[in-house]
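Structure, as structure tokens:
Each chain gets a letter, A, B and so on, in the order its sequence line appears, and its residues count up from 1. Small disclaimer: the values here were computed from a predicted structure and weren't measured.
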2 protein chains.
Amino acid sequence: MGRPARIGRAAILDAALELADQDGLDGVTMHAVARRLNVTTMALYRHMDGKDALLDGLVERLLTGFPQQQARQPGEQWLTAMASGIREIARRHPAVFPLLLTRPAVTPAAQRVRDAVVAVLQDAGLTEPGAKRAERLLSTAVLGFAASEVTGRFRQHDQAVLDQDFAELLRWLRLALASPPAAEENG
Amino acid sequence: MGRPARIGRAAILDAALELADQDGLDGVTMHAVARRLNVTTMALYRHMDGKDALLDGLVERLLTGFPQQQARQPGEQWLTAMASGIREIARRHPAVFPLLLTRPAVTPAAQRVRDAVVAVLQDAGLTEPGAKRAERLLSTAVLGFAASEVTGRFRQHDQAVLDQDFAELLRWLRLALASPPAAEENG
DNA sequence: ACCTGAACACCGTTCAAGT
DNA sequence: ACCTGAACACCGTTCAAGT
């Protein structure tokens with residue numbers, strides 16, 4: 001009954017992530033991944049449900065690298081730490097990163113990241129629906145900024161300017177978190 | 001010397017946008033666009049510089065549909081109008097919209113949109129570098145939110161929740177614009 | 001159970017040729 | 001000047017067959 005597997009889901013994702021980092025998203029093809037693993041293209045289909053599942057797997061890889069924030073840090077240092085960590089991931093994997101804004105954040109890995117941020121926000125005094133809403137806006141702003149940086153949307157500006165942009169973004173977010181909304185309904 | 005052209009850049013972009021709206025970005029192929037125009041694939045290359053130029057052209061199409069804001073509106077109504085207009089474009093062209101965060105905003109059309117927003121912000125009292133920075137963060141937040149909505153990143157939530165999210169986002173942005181940064185350097 | 005071979009419809013792009 | 005025909009390397013995916 002059967003021989004040992006020469007590849008697996010993990011090895012496939014490793015190879016795909018390397019290809020993405022080297023050649024961009026267009027370089028991530030089933031054929032290229034298989035070639036890198038010294039296997040025929042069709043062998044991948046036993047371990048991965050197709051190209052779309054492969055891309056979802058890459059997004060999951062990035063998510064598991066996200067910084068986990070501890071609640072109850074002094075001031076709003078957790079915000080800086082989290083946003084900076086996310087920005088670093090974008091720099092490390094510029095081709096894959098924008099997919100975070102493109103694919104639904106409903107996988108277990110994504111939910112774990114969201115829950116952690118919501119917990120910190122509740123710890124900081126927000127109501128549960130308020131914390132969940134703030135998490136959505138927070139993550140959108142930070143992901144959007146990091147993605148813009150990495151796709152070259154701001155390519156006319158040098159690093160110093162973008163660093164100041166980032167600092168200003170954090171100031172905006174702290175302002176918002178310090179000023180609670182008037183009413184609260186719906187989750 | 002030559003016969004009249006049966007197609008042109010405009011017709012190609014029309015066809016491509018229709019395909020994107022109907023079948024998603026994956027449906028936008030040189031072959032499919034040509035088929036829709038009753039022309040061979042190779043005919044496109046005389047009018048369009050390849051697939052990448054085609055996608056850039058689609059982004060340009062969306063940008064020219066962006067709302068142009070008048071300065072000196074009472075309150076910050078221009079912000080609501082602009083953000084709502086952008087949100088509507090996202091709904092109308094959900095497949096193409098995320099490309100706005102993915103492709104550099106350096107084309108003439110993109111620059112025009114940016115300049116208009118910067119002008120309004122200066123009119124509201126920001127310094128020039130401050131207005132330019134605010135424009136970058138503003139557009140990132142609004143584009144990021146609209147893109148998230150349209151790619152299904154928030155698909156667990158129904159429309160009412162997302163509408164409240166949007167209102168809260170606008171509140172955040174107004175707060176930020178009402179509170180000028182401490183120092184100003186670099187553009 | 002795992003991988004390969006053969007095959008298919010489709011993709012982006014080039015070049016020479018027709019009108 | 002504009003479009004077509006023929007062609008190429010590559011893509012995602014399926015299915016039957018080998019070990």
**Q.** Under 3.5 Å on both distances, the Watson-Crick or G-U partner of C:dC10
**A.** none
Q: Would you mind reading off the distance between A:Met42 atom CE and D:dT13 atom P, rounded to a whole angstrom?
A: 14 Å
Q.
Taking any heavy-atom pair under 4.0 Å as a contact, classify A:Ala5: base, sugar-phosphate, or nothing.
A. sugar-phosphate
Q. Would you say B:Thr29 reaches C:dC11's phosphate, i.e. side-chain N/O to OP1/OP2 under 4.0 Å?
A. yes
Q: Send over the distance from A:His47 NE2 to C:dC2 P, rounded to a whole Å.
A: 6 Å
Q: Tell me, with the steps shown, if A:Thr151 and B:Arg103 meet side chain to side chain contact (heavy atoms under 4.5 Å, CB included).
A: CA-CA 6 Å; A:Thr151 59; B:Arg103 314 212 136 217; over 6 Å; no
Q. Under 4.0 Å: is that the gap between some side-chain N or O of A:Arg35 and OP1 or OP2 of D:dC11?
A. yes
Q. What orientation do A:Phe66 and A:Phe97 show, parallel under 30°, tilted 30 to 60°, or perpendicular over 60°?
A. parallel
Q.
For a quick test of reading the model: is some side-chain N or O of B:Arg6 closer than 4.0 Å to OP1 or OP2 of D:dT4?
A. yes
Q: Give the C-alpha distance, both sets of side-chain angles, the deciding distance and a yes or no for side chain to side chain contact (heavy atoms under 4.5 Å, CB included) between A:Arg171 and B:Leu137.
A: CA-CA 11 Å; A:Arg171 194 180 71 86; B:Leu137 296 184; over 6 Å; no
Q. So what's D:dC3 paired with, Watson-Crick or G-U wobble, going by both distances under 3.5 Å?
A. none
Q: Please state how far atom CZ in A:Arg46 lies from atom P in C:dG5, giving the value in whole angstrom units.
A: 15 Å
Q) Is there a Watson-Crick or G-U wobble partner for C:dA17 with both distances under 3.5 Å, and which nucleotide is it? A) none
